[in-house]
There are 2 protein chains.
Amino acid sequence: MAQKVKLSTIAEELGVSTATVSLALRDSPLVADITRDRIKTAARELGYIYNRRAASLRTSRSGIVGVCVHDVMNPFFGEILKYVEHELDRRRQTFILSNHYDDLSKQRAFVDTLLQLGADGLILSPAIGTPAEDIRLAEGNDLPTVLIARTIEGSGVCGFRGDDAFGMALAVDHLIAEGHREIAMVGGTPLTSTGRDRAAGWRSALRKAGIEPKPEWRIEGPRSRDTGFEAGQSFAQMNNRPSAVVCFSDMVALGFMYGLARSGLTPGVDVAVVGYDDIAEAKIAMPSLTTVSNGQAEVGHRAAGALLDRLAGNPASDETVLIKPVLKVRDSSHFAGELRKRIEA
Amino acid sequence: MAQKVKLSTIAEELGVSTATVSLALRDSPLVADITRDRIKTAARELGYIYNRRAASLRTSRSGIVGVCVHDVMNPFFGEILKYVEHELDRRRQTFILSNHYDDLSKQRAFVDTLLQLGADGLILSPAIGTPAEDIRLAEGNDLPTVLIARTIEGSGVCGFRGDDAFGMALAVDHLIAEGHREIAMVGGTPLTSTGRDRAAGWRSALRKAGIEPKPEWRIEGPRSRDTGFEAGQSFAQMNNRPSAVVCFSDMVALGFMYGLARSGLTPGVDVAVVGYDDIAEAKIAMPSLTTVSNGQAEVGHRAAGALLDRLAGNPASDETVLIKPVLKVRDSSHFAGELRKRIEA
DNA sequence: CTGAAAGCGCTTACAG
DNA sequence: CTGAAAGCGCTTACAG
């Protein structure tokens with residue numbers, strides 16, 4: 001390729017200074033209209049490419065925002081990110097994405113890269129085991145951070161997530177209203193705030209209804225479609241199988257229903273199933289999946305908004321915003337209830 | 001936060017030059033072992049953060065690779081990206097991801113950003129309508145490009161994708177062997193190479209078996225689970241419904257099966273269904289989905305490898321590598337065949 | 001093995 | 001409204 005075109009190339013071409021070119025290209029009112037137009041035309045004709053590294057070195061603003069979550073392929077995160085992406089696009093920020101797969105060292109390597117690139121901010125759904133210290137380190141190195149989906153005690157930064165305990169209680173209350181008394185919870189781990197809070201919501205909703213959850217009703221672990229599938233197959237073999245389950249997530253629930261079906265049971269009839277998140281697939285699944293809407297749109301929008309606010313110089317908040325979940329009743333939990341009522345009648 | 005620590009801070013602290021510090025931190029053999037150790041220790045203690053913008057401005061190497069696909073949330077791309085990610089991680093390259101949603105202007109904005117950041121390379125699954133000129137422009141501005149999943153005539157760069165026509169023919173041949181004579185194809189668009197090639201494979205496999213595909217057997221459009229679902233519902237209402245369908249992708253097939261089931265048909269029994277891609281979900285779906293393995297691992301690995309090769313200074317190739325697909329027979333196509341044979345017997 | 005100096009391509013006071 | 005000059009934090013010949 002030919003010689004690289006830079007500000008000074010344009011400046012020489014037109015017989016003006018690089019300062020004027022720089023100002024003109026960014027529409028500074030300091031530059032006369034005619035000059036600006038001449039400069040912009042020349043830039044276009046010469047195929048000028050703005051060098052953001054140089055600019056960023058000078059201004060210490062990079063226009064880069066890092067986003068790091070467990071796994072983008074998980075629709076729950078994918079849906080949140082769509083909204084984050086939309087918001088950042090509008091503000092002309094470049095976003096760099098990384099999965100951490102709950103591997104702390106991968107997350108740290110990513111944060112390091114962001115610091116090296118002089119990123120302007122970070123939106124993070126922290127990996128299991130992330131110490132508050134890691135967040136403070138990022139903040140201490142001028143990397144404003146906003147948490148999503150999971151939060152960390154004492155991190156001192158703001159975060160957005162659903163009210164997990166409340167949402168899971170909605171699911172359990174619904175199943176109780178449908179006539180169930182034995183309700184298992186499948187999936188999740190006490191290692192994340194999400195896992196702890198949802199399990200707590202399940203447990204306390206049962207107790208409030210006077211039902212003491214049996215230890216074997218709490219099936220920890222699954223957090224993916226695959227492992228949900230395995231859990232569904234095991235569940236089908238279980239002695240004294242509960243009549244209903246709430247799942248840690250829709251992914252788990254959808255896999256669980258596949259697993260039940262593979263074992264010859266009909267989800268929604270033999271076992272009532274409720275998911276969590278209300279991802280797009282829930283509505284079209286067979287049977288359609290009763291679930292708890294977890295506010296992906298709101299989390300994504302507000303997290304991006306909060307970060308952009310801080311970048312604009314507004315004061316930081318350290319508040320965790322809990323978004324109210326909403327129960328979506330569909331066939332996976334409702335068929336069974338209907339049948340039960342008919343039998344009892 | 002305190003004063004920013006830079007090379008010169010360390011240099012002053014230890015009474016050496018910044019040149020020595022720079023060399024030491026990158027393990028140059030020019031620096032004495034003791035000096036290097038002292039420097040590295042000081043860097044750690046002072047909390048030094050390497051400024052990649054400054055380095056990159058000087059060296060014109062950024063360590064950044066851009067990746068742009070239709071949508072990361074689509075497991076087909078997600079799976080490819082996992083392998084790309086793995087390969088780039090190993091080589092300590094930072095990767096910047098973007099969806100283009102088949103919007104050419106979004107793709108262009110992303111390529112522009114990469115040029116501005118001085119990215120070292122681009123892995124692209126081009127948006128519908130991408131002119132070869134766009135690729136040449138990137139290459140002309142020192143952004144080596146490798147294509148995945150879709151290719152572009154006359155782009156002059158190398159690409160990796162499955163052999164779509166061959167793969168779809170495998171699927172059709174299988175259904176014919178199962179006894180089907182009326183086989184529809186659901187989904188895909190002639191606007192992409194993938195869509196054209198798969199439809200061509202379907203059509204020519206039918207003709208080779210002496211079957212002339214009826215126009216109404218080609219149901220164009222769906223490329224997602226949602227639209228596959230709608231297609232499944234419409235298909236259920238169709239007069240003279242074919243006994244089998246091949247789908248543009250697993251996502252379409254999985255949605256299609258949901259749609260059939262929602263309409264009261266049993267996928268795999270009332271209608272044989274074959275997908276394309278062999279994403280992880282295919283194996284656990286109900287019924288398990290017969291599909292064509294599309295080499296996501298190989299595409300991801302080899303595309304990343306080819307790009308890294310070029311970055312290492314090896315000569316560019318302009319070859320499109322076609323990866324051989326493999327048929328995976330499962331229940332969604334096999335039940336129906338079994339039943340048919342029994343009925344005929 | 002180490003240091004002094006130039007330069008990557010911008011932006012930003014400052015002066016006019 | 002425009003220009004001359006310094007400086008962001010590195011790396012790289014070059015000299016010693």
Side-chain angles (χ1 to χ4, degrees), chain A residues 1-40 42-43 46-64 113 115-120 141-142, chain B residues 2-40 42-43 46-64 112-113 115-120 141-142:
Chain A
M1 97 184 233
Q3 206 52 35
K4 186 159 262 174
V5 178
K6 43 195 177 179
L7 278 192
S8 62
T9 318
I10 303 174
E12 281 167 25
E13 190 78 17
L14 299 180
V16 298
S17 74
T18 57
T20 302
V21 177
S22 173
L23 293 168
L25 290 178
R26 284 170 304 130
D27 290 315
S28 161
L30 289 174
V31 179
D33 290 1
I34 325 174
T35 317
R36 178 170 20 76
D37 292 348
R38 282 178 61 216
I39 289 173
K40 288 199 162 182
L46 293 168
Y48 171 67
I49 291 170
Y50 179 65
N51 188 325
R52 269 163 71 162
R53 294 169 286 183
S56 159
L57 182 57
R58 185 55 229 256
T59 61
S60 64
R61 266 283 200 145
S62 64
I64 291 174
T113 298
L115 291 172
Q116 294 180 0
L117 290 171
D120 296 339
N141 283 297
D142 283 332
Chain B
Q3 205 52 33
K4 187 159 260 172
V5 178
K6 45 196 175 178
L7 279 193
S8 63
T9 318
I10 303 174
E12 280 166 28
E13 190 79 17
L14 299 180
V16 297
S17 74
T18 58
T20 302
V21 176
S22 173
L23 292 168
L25 289 179
R26 283 171 304 130
D27 289 316
S28 161
L30 289 175
V31 179
D33 290 1
I34 325 175
T35 317
R36 180 171 17 77
D37 292 347
R38 283 179 59 216
I39 289 173
K40 288 199 163 184
L46 292 168
Y48 171 67
I49 291 170
Y50 179 66
N51 187 327
R52 268 163 72 161
R53 293 169 287 182
S56 159
L57 183 57
R58 185 56 227 253
T59 62
S60 64
R61 265 282 200 146
S62 63
I64 290 174
D112 230 54
T113 298
L115 291 171
Q116 295 180 359
L117 290 172
D120 295 338
N141 284 297
D142 283 334

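Here is how names work: the chains are called A, B, and so on, in the same order as the sequence lines, proteins then strands, and each is numbered from 1.
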A:D37 with A:K40: basic N within carboxylate O range, under 4.0 Å: no
What is the distance, rounded to the nearest whole Å, between atom CD1 of B:I34 and atom P of C:dT2? 8 Å
For a quick check of understanding: with a heavy-atom distance under 4.0 Å over all strands, which category does B:G15 fall into, base, sugar-phosphate or nothing? sugar-phosphate
For D:dA13, give the paired nucleotide (Watson-Crick: N1-N3 plus N6-O4 or O6-N4; G-U: N1-O2 and O6-N3; both under 3.5 Å), or none. none
At 4.0 Å (heavy atoms only), tell me whether A:R26 reaches a base, stays on the sugar-phosphate, or touches nothing. sugar-phosphate
At under 4.0 Å between heavy atoms, what does B:T35 touch on the DNA or RNA strands: base, sugar-phosphate, or nothing? sugar-phosphate
Mark yes or no for whether A:S62, through its side chain, and A:G118, through its backbone, hold a donor-acceptor pair below 3.5 Å. yes
Criterion salt bridge (charged side-chain N to carboxylate O under 4.0 Å, His left out) on B:D112 and A:R52, from CA distance to verdict: CA-CA 11 Å; B:D112 230 54; A:R52 269 163 71 162; over 6 Å; no
Quick one: which of C:dT11, D:dT2, C:dC8 gets closest to the side chain of B:R58? C:dC8
If I take atom CG in residue A:L7 and atom P in nucleotide D:dA5, what distance separates them, rounded to the nearest angstrom? 18 Å
Taking pairing as Watson-Crick or G-U wobble with both contacts under 3.5 Å, can you name the mate of C:dA4, or confirm there isn't one? none
D:dG3, D:dC10, D:dG9: which one has an atom nearest the side-chain heavy atoms of A:S17? D:dG3
When you compare the side chain of A:V21 with that of A:L14, does any pair of heavy atoms fall below 4.5 Å? no
Where the side chain of B:A54 is concerned, which of D:dT11, D:dC10, C:dT2 is the nearest nucleotide? D:dC10
Could you work out which one of C:dT2, D:dT11, C:dC10 sits closest to the side chain of B:L30? C:dT2
Contact summary for A:T20 and A:V31, nearest pair of heavy atoms: O-CG2, 4.0 Å
Starting the side chain at C-beta, find the nucleotide from C:dC10, D:dT2, C:dT11 nearest to A:K6. C:dC10
Send over the distance from B:N51 CG to D:dT11 P, rounded to a whole Å. 9 Å
If you find the nucleotide of DNA chain D closest to B:L23 and the one closest to A:P29, which residue's nucleotide is nearer the 5' end? A:P29
Which one, C:dT12, C:dG3, D:dC1, comes nearest to the side chain of A:A32? D:dC1
Audit row: A:Y48, A:I10, side chain to side chain contact (heavy atoms under 4.5 Å, CB included) steps and yes/no: CA-CA 8 Å; A:Y48 171 67; A:I10 303 174; 3.8 Å; yes
Give one of base, sugar-phosphate or nothing for A:A19, where a contact means two heavy atoms less than 4.0 Å apart. base
Separation of D:dC10 atom P from B:R52 atom CZ, nearest Å, is 13 Å
Can you tell me how far P of D:dG9 sits from CZ of B:R61, to the nearest Å? 24 Å
B:T18 side-chain proximity, nearest of C:dG9, D:dT11, C:dT2: D:dT11
For A:S22 and C:dC10, is the shortest distance between a side-chain N/O and OP1 or OP2 below 4.0 Å? no
Length of the CG-P vector between B:L57 and D:dT12, whole Å: 12 Å
Rounded to the Å, how far apart are B:I10 CD1 and D:dT11 P? 11 Å
Whole angstrom value for the distance that separates P of C:dC10 from CD1 of A:I49: 10 Å
Among the nucleotides D:dT11, D:dG9, C:dG9, which one has an atom lying closest to any side-chain atom of B:T59? D:dT11
